[in-house]
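Here is the structure we will look at, set down as structure tokens.
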Amino acid sequence: MTSYKVLVRDVINKADVLLEVVDARFPDETRNSEVEKEIIRLNKPFIIVINKCDLVSKEKLDKAKARLSRIAPTVFISSKDRSGTTMLRHQILASACIKGRDILVGTLGYPNVGKSSVINGVTGRHRASTSPISGHTKAVQHVNAGSHIMFMDTPGVIPFDENDEYVQGLLGMKDATHLRDPIGVALKIIEKILVENKAALESFYSITLETQDSYPVLEQIGRKCNFLQKKGEIDEMRTATRIICDWQNGLLLV
């Protein structure tokens with residue numbers, strides 16, 4: 001944990017502009033207050049990048065942008081289809097008035113929020129290594145984005161006091177194989193989608209829901225996927241793993 005603190009402070013010190021990349025599905029949960037305080041303390045300009053915007057509704061995006069823009073310039077992008085990347089490039093250039101050398105841009109955020117994908121979206125080609133596996137980036141990488149912009153891609157910033165496995169599962173910090181309670185995490189995912197976009201859950205799994213309780217929904221999904229044990233009982237673990245994977249791969253929308 002100490003090494004992460006040292007790495008983060010080193011990136012903040014060296015960078016001319018910082019990007020805090022957050023997940024559009026959890027813009028507040030994926031902000032890191034300690035990182036933001038350190039950036040502000042050192043008087044460094046920073047931009048909040050709301051990534052994976054293709055996974056949420058425009059209404060939710062607009063509300064998040066309006067709220068976060070009070071803290072720092074906020075841009076939402078989809079690294080999947082590169083929407084918003086030109087706006088982000090312009091915001092970087094506007095935030096750092098530097099001439100005669102490249103603007104050094106530090107990228108910070110939780111594991112699996114898509115920092116490397118954001119960089120690749122801005123550069124227009126696959127220069128930063130990416131993976132659906134959380135924690136893929138192991139060390140700081142320098143990536144030339146052209147137009148006098150140089151990115152520093154960093155490993156995921158793990159919050160210094162984060163121990164909530166349910167949050168880690170929801171954010172994709174741990175995949176189903178590394179969770180102690182995959183069923184509990186799957187139920188949390190179902191609860192969230194039932195509140196925010198029940199129709200998406202019904203459409204994706206081709207089911208009709210008549211309850212707001214998460215466990216009967218998990219059973220219904222397991223039955224629809226034919227995840228049954230010998231006596232016809234639902235294979236809870238297999239069903240939970242499927243739901244978590246669908247969620248973390250961006251197949252379930254909110």
Side-chain angles (χ1 to χ4, degrees), residues 1-24 26-53 64-65 67-77 79 84-123 127-130 135-162 171 173:
M1 194 64 69
T2 302
S3 63
Y4 273 102
K5 288 186 177 183
V6 172
L7 181 147
V8 169
R9 287 172 184 154
D10 186 54
V11 169
I12 294 173
N13 275 306
K14 289 179 179 177
D16 301 306
V17 180
L18 281 304
L19 305 185
E20 182 180 25
V21 182
V22 302
D23 189 318
F26 307 97
D28 295 305
E29 292 90 335
T30 46
R31 288 174 54 205
N32 189 303
S33 59
E34 284 203 44
V35 168
E36 291 179 7
K37 287 176 183 176
E38 186 70 7
I39 293 171
I40 293 168
R41 187 183 72 81
L42 293 174
N43 198 30
K44 292 293 183 80
F46 80 103
I47 302 163
I48 298 175
V49 180
I50 306 178
N51 190 26
K52 305 183 183 181
C53 68
K65 185 174 182 179
R67 187 173 65 256
L68 297 178
S69 292
R70 301 189 192 107
I71 301 162
T74 302
V75 177
F76 50 75
I77 77 167
S79 49
T85 53
T86 299
M87 186 176 295
L88 177 56
R89 181 183 285 274
H90 290 164
Q91 186 62 59
I92 290 170
L93 294 171
S95 296
C97 300
I98 293 175
K99 296 180 180 180
R101 65 172 176 84
D102 288 343
I103 298 169
L104 200 55
V105 182
T107 55
L108 300 169
Y110 279 80
N112 217 37
V113 292
K115 297 181 301 299
S116 299
S117 296
V118 167
I119 292 172
N120 288 331
V122 175
T123 60
R127 293 186 178 180
S129 178
T130 63
H136 175 69
T137 304
K138 300 299 183 184
V140 176
Q141 304 175 48
H142 285 74
V143 181
N144 189 341
S147 301
H148 304 293
I149 295 175
M150 179 71 73
F151 281 105
M152 287 191 290
D153 188 18
T154 63
V157 178
I158 297 175
F160 307 140
D161 59 354
E162 183 57 78
L171 300 182
M173 294 166 64

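The structure presented is a predicted model; accordingly, all values stated were derived computationally and were not measured.
Atom-to-atom distance recorded for Ile47:CD1 and Ser69:OG is 11.5 Å, nearest 0.5 angstrom.
Closest of all the heavy-atom pairs between Leu88 and Val118 is CD2-CG1, 3.8 Å. Nearest heavy atoms, Asn32 versus Glu20: N-OE2, 2.8 Å. Nearest heavy atom pair, residue Val17 against residue Ala96, reads CG2-CB, 3.3 Å. Residues Asn144 and Ile149 approach most closely at OD1-O, 3.6 Å, considering heavy atoms. Of all non-hydrogen atoms in Gly106 and Ala15, the two that sit nearest each other are N-CB, 3.6 Å. Taking every heavy atom of both residues into account, Lys65 and Phe76 meet most closely at CD-CE2, 3.5 Å.
The side-chain hydrogen bond (donor to acceptor under 3.5 Å, both in side chains) pairs that include a residue from residues 40-51 are Glu38-Arg41, Asn51-Ser79, where partners are two or more places apart or lie in different chains. Within the structure, every pair that satisfies the side-chain hydrogen bond (donor to acceptor under 3.5 Å, both in side chains) test and touches residues 89-98, not counting sequence neighbours, is listed here: Arg89-Ser147, Gln91-Ser95.
Contact of the Leu108 side chain with the Ile12 side chain is registered, since non-hydrogen atoms from C-beta on lie closer than 4.5 Å. Between Thr123 and Val143, some side-chain heavy-atom pair lies under the 4.5 Å cut-off. Within the 4.5 Å cutoff, the side chain of Ile92 has heavy atoms near those of the Leu19 side chain. Residues Arg67 and Asp28 are in side-chain contact: their nearest non-hydrogen atoms beyond the backbone lie under 4.5 Å apart. In this structure, Val11 and Thr107 have side chains that are not in contact, with every pair of non-hydrogen atoms separated by 4.5 Å or more.
Side-chain atoms of Asn13 come within 3.5 Å of backbone atoms of Arg9 as a donor-acceptor pair (strictly under, hydrogens ignored). Checking side-chain atoms of Lys52 against main-chain N and O of Val22 turns up no donor-acceptor pair under 3.5 Å. Judged by distance alone, with hydrogens and angles left aside, the side-chain atoms of Thr74 form a donor-acceptor pair with the main-chain N or O of Ala72 at under 3.5 Å. A donor-acceptor pair is defined here as one N or O able to donate and one able to accept, closer than 3.5 Å; such a pair exists between the side chain of Tyr110 and the backbone of Glu29. Checked by atom type and distance alone, the side chain of Asp16 pairs as donor or acceptor with a backbone atom of Leu104 at under 3.5 Å.
In this view, Phe46 satisfies the ring-ring contact (aromatic ring centres under 6.0 Å, His included) rule with no residue, not counting sequence neighbours.
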Derivation of the side chain to side chain contact (heavy atoms under 4.5 Å, CB included) call for Ile71 and Arg31: CA-CA 11 Å; Ile71 301 162; Arg31 288 174 54 205; 3.3 Å; yes
Derivation of the side chain to side chain contact (heavy atoms under 4.5 Å, CB included) call for His148 and Arg101: CA-CA 7 Å; His148 304 293; Arg101 65 172 176 84; over 6 Å; no
